[in-house]
Amino acid sequence: MGVIPDLQEGVLKTGDVVFVRQGKNKGKIFVVVGIESETRVFIADGSKYSVGKPKKKNVKHLQRTLMNLEDVAGRVAGGKPLDNGWLVQKVSAILDNSDTSWRQGG
């Protein structure tokens, strides 16, 4: 059984949905809204951490899921602003989904 290269730690992209493994937000999911370096990313959920003031997090403390919000990546790449309300809805929809496949990533 090998490791899928795309799901290795440190290979996060803007729009990836991540699960926090360590820290005060342990057990919560967020969306990557920016990348500082290979080891640091900016995450937001739209409520506690807005897209205007995201949380800086070490990628070792995150678990990548199998989900990517392509709308986030497209807006960031195009220089368009993200809306906190829209992001809250997307995160809530992920949590409301009874399928737990989002926990299966990296």
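Bear in mind the structure is a predicted one, so any value in this text is a computation, not a measurement. The figures here come from the full heavy-atom set of this structure, side chains too, leaving out hydrogens, waters and symmetry mates.
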Tabulate below the donor-acceptor pairs under 3.5 Å that side-chain atoms of residues 67-74 make, not counting sequence neighbours, or state none.
{"from": "N68", "atom 1": "OD1", "to": "E70", "atom 2": "N", "distance (Å)": "3.4"}
{"from": "N68", "atom 1": "ND2", "to": "D16", "atom 2": "OD1", "distance (Å)": "2.5"}

#### Entry: side chain to side chain contact (heavy atoms under 4.5 Å, CB included) between V51 and L87, worked out
CA-CA 9 Å; V51 294; L87 192 58; 3.6 Å; yes
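- Side-chain N or O atoms of S50 include none that pairs as donor or acceptor with a backbone N or O of G46 at under 3.5 Å.
- In this structure, CG on N84 lies 11.5 Å from CD on Q89, to the nearest 0.5 angstrom.
- No side-chain heavy atom of F30 sits under 4.5 Å from any side-chain heavy atom of K55.
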*Passes side chain to side chain contact (heavy atoms under 4.5 Å, CB included), I29 versus T65? Steps please.*
CA-CA 9 Å; I29 65 167; T65 65; 5.5 Å; no
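- Atom CZ of R75 sits about 7.0 Å away from atom CG of D83, to the nearest 0.5 Å.
- The backbone N or O of N58 sits nowhere less than 3.5 Å from a side-chain atom of T39 that would complete a donor-acceptor pair.
- With D45 contributing its side chain and K48 its backbone, the two residues share a donor-acceptor pair below 3.5 Å.
- V76 and V88 are not part of a single hydrophobic cluster, where members link through side-chain heavy atoms under 4.5 Å apart.
- For the pairing with I43, the side chain to side chain contact (heavy atoms under 4.5 Å, CB included) check across V33, V18, V17 returns one residue only, V18.
- Note that OH of Y49 is 13.0 Å distant from NZ of K56, once rounded to the nearest 0.5 Å.
- Proximity of a side-chain donor or acceptor of N25 to a complementary backbone N or O of K28 within less than 3.5 Å is not detected.
- Between the R21 side chain and the K60 main chain, a donor and an acceptor come within less than 3.5 Å of each other.
- At least one side-chain heavy atom of L12 sits less than 4.5 Å from a side-chain heavy atom of L62.
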I'd like to know whether K57 forms a side chain to side chain contact (heavy atoms under 4.5 Å, CB included) with V20, so could you lay out the CA-CA distance, the side-chain angles of the two residues, the decisive distance to 0.1 Å, and finally the verdict.
CA-CA 9 Å; K57 198 75 175 160; V20 178; 3.9 Å; yes
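- Atom CZ of residue R40 and atom NE2 of residue H61 lie 8.5 Å apart, to the nearest 0.5 angstrom.
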